[in-house]
Amino acid sequence: MRQFTTESLSLDLADALPFLGHLPPWAETLLGLLLLAAVAWLANFIVKHIVLRIVTRWLPHDDLTPLPVAARLANIVPALIISSGIVLVPNLPGAIVTLVSNVVAASIILFVAMALGKALSLGNDIYNHRPDAASRPIKGYIQLLKIALYAGAAILIVAALMDQSPFLLLSGLGAMAAVLLLVFKDTILSLVASVQLTSNDMIRVGDWIEMPALGADGDVIDIALHTVKVQNWDKTISTIPTHRLISESFRNWRGMSEAGGRRIKRSLFIDQNGIRFLSSGEKQKLRRFQLLDAYLGRKQEELGEWNAALEKAGRDPVNERNVTNIGTFRAYVVEYLRANAHIAQGMTLMVRQLDPTPQGLPLEIYCFTNTTAWGDYEGIQSDIFDHLLAILPEFGLRVFQQPSGLDLQRGLAARSSVDRRPASA
């Protein structure tokens, strides 16, 4: 059987093209390279502008299209033509043929790796259209597969360029294991953190998280292998290393959003000098409030029985019980919140006194709105406290406030007017 070598193939090419025998060797080589480049270009044109256009008629053209994958694979066709045709170029040194073949082989490996990378990205995009994609993102795993893919492709490319077996290069990586662990330390930490975040459902795209240590307070917009991006409320972007979400604490407000109610927890600081018992006339006056009528009626009946028993036993009137203005106001606030259509009645609702402070007696309002929208929540909270601050004087109460410059000015002015008053004869 006849064996085909570079020389025999060159002779066959010369027989096929008789005019090559009348050209100098360098011209034959140059003409052969031009013909090979022209055939490769023609094949590339046919594949990309004819074959792909025909094929793409049956492929989707939206964001979930495999067209980028097909475009990367189309580059393999001219590379294969060059790899097969380089040996037909006459008078080309064997070292050049080997070099071109190795470079073309490395290019084919790169094109295949790029196509697989695009395929992985397409798979991630398809997965993101699932209803549960936000709670269990796979972008981190896709990035890890890409790292492994490109690392393997890099080893194969180097082996192809060196015309050596890739297993020879892999055998030398054992001695570099410590170096690789150091280089990919963040990747390993991020991979473990991504697995824990996903398996424990600690964070999702769209969650509102708060991490003061890193200045993050906003919505999660992207979860990757190495970083989590948070768009803060001032529209800035905070980038958090994935492993920091495991090693440090952060607050996730998803539970509040899923519950459908947002908590109001704010105190009114009451001036304790105004706290006292209510007289009969004041109680009768307060019964004008519809929210207090039933409460004062119950209290009057309860305290009437208590005080009647004391009077029958001949006790001193100092032992009698009476209604206070602060207790009545607290009852009013409870009934006001229960009658408010914007307050979630199925959640915790209470008004309580906290420990007295130098700034007054804190009266804490603890309840939940029936919406989690930030603007609506702030409006509801403001309306409630606007009303409570305005109605406090009806109960003989006032809020505590630190003396201001105007208070000192009025005090000095009052004392000055007293000092200027003429002495009596």
Side-chain angles (χ1 to χ4, degrees), residues 48 52 55-76 107-157 180 183-209 211 214 216 218-232 235-247 250 252-254 257-258:
K48 288 188 175 180
L52 277 183
V55 173
T56 53
R57 293 180 181 178
W58 292 277
L59 294 178
H61 289 75
D62 54 6
D63 57 338
L64 301 179
T65 176
L67 291 179
V69 180
R72 296 294 188 279
L73 292 176
N75 294 323
I76 298 177
S107 301
I108 293 175
I109 295 172
L110 178 61
F111 295 147
V112 173
M114 294 174 65
L116 291 177
K118 287 292 183 181
L120 289 174
S121 299
L122 176 62
N124 183 56
D125 293 337
I126 295 174
Y127 179 82
N128 286 337
H129 283 71
R130 290 167 52 97
D132 58 343
S135 59
R136 299 193 178 275
I138 63 170
K139 185 175 182 180
Y141 304 112
I142 294 296
Q143 289 181 330
L144 182 64
L145 289 175
K146 285 185 177 181
I147 291 174
L149 171 66
Y150 291 131
I155 294 174
L156 293 177
I157 289 173
L180 292 176
V183 171
F184 292 102
K185 178 189 68 173
D186 292 337
T187 300
I188 296 172
L189 290 175
S190 299
L191 174 62
V192 175
S194 297
V195 172
Q196 292 182 347
L197 289 174
T198 303
S199 60
N200 296 324
D201 197 17
M202 296 173 62
I203 192 172
R204 304 175 186 173
V205 174
D207 283 354
W208 169 17
I209 68 170
M211 199 171 186
L214 298 180
D219 290 334
V220 176
I221 59 175
D222 185 54
I223 301 176
L225 177 62
H226 294 91
T227 59
V228 173
K229 291 183 179 179
V230 178
Q231 185 174 41
N232 301 311
K235 300 306 178 183
T236 59
I237 304 295
S238 293
T239 303
I240 305 174
T242 308
H243 64 87
R244 295 285 294 271
L245 294 171
I246 297 298
S247 60
F250 69 95
N252 192 331
W253 293 82
R254 187 202 312 157
S257 301
E258 293 177 347

Is a side-chain N or O of Ser247 found less than 3.5 angstrom from the main chain of His243, in a donor-acceptor match?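 Pair found, side chain donor or acceptor close to backbone of His243.
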
Check for a donor-acceptor pair, side chain of Asp207 on one end and backbone N or O of Ile209 on the other, with a separation under 3.5 Å. no

Reported [atom1]-to-[atom2] distance for the pair [X] and [Y], which is rounded to 0.5 angstrom:
X      : Y      : atom1 : atom2 : value
Tyr150 : Leu110 : OH    : CG    : 8.5 Å
Phe250 : Ile240 : CZ    : CD1   : 8.5 Å
Thr242 : Arg244 : OG1   : CZ    : 11.5 Å
Asn232 : Met211 : CG    : CE    : 12.5 Å

Decide yes or no for [X] and [Y]: does some side-chain heavy atom of the first lie under 4.5 Å from some side-chain heavy atom of the second?
X      : Y      : value
Val230 : Leu214 : no
Leu245 : Met202 : no
Ile147 : Leu225 : yes
Ile246 : Leu197 : yes
Leu116 : Leu120 : no

More than 12 non-hydrogen atoms from neighbouring residues, nucleotides or ligands closer than 6.0 Å to NZ on Lys146, yes or no?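 Yes.
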
Only counting residues at least two apart or in another chain, list the ones meeting side chain to side chain donor-acceptor pair (under 3.5 Å) with Thr239.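 Listed in chain order: nothing, the list is empty.
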
Contacts of Asn124 that satisfy side chain to side chain donor-acceptor pair (under 3.5 Å) - sequence neighbours left out: none

What closest approach, in Å, do Ala113 and Ala153 show between heavy atoms, and which atom pair accounts for it?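 The pair with the smallest heavy-atom distance is CB-CB, 3.6 Å.
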
Which atoms form the tightest heavy-atom contact between Ala224 and Ser194, and what is the distance?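 The pair with the smallest heavy-atom distance is O-OG, 4.1 Å.
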
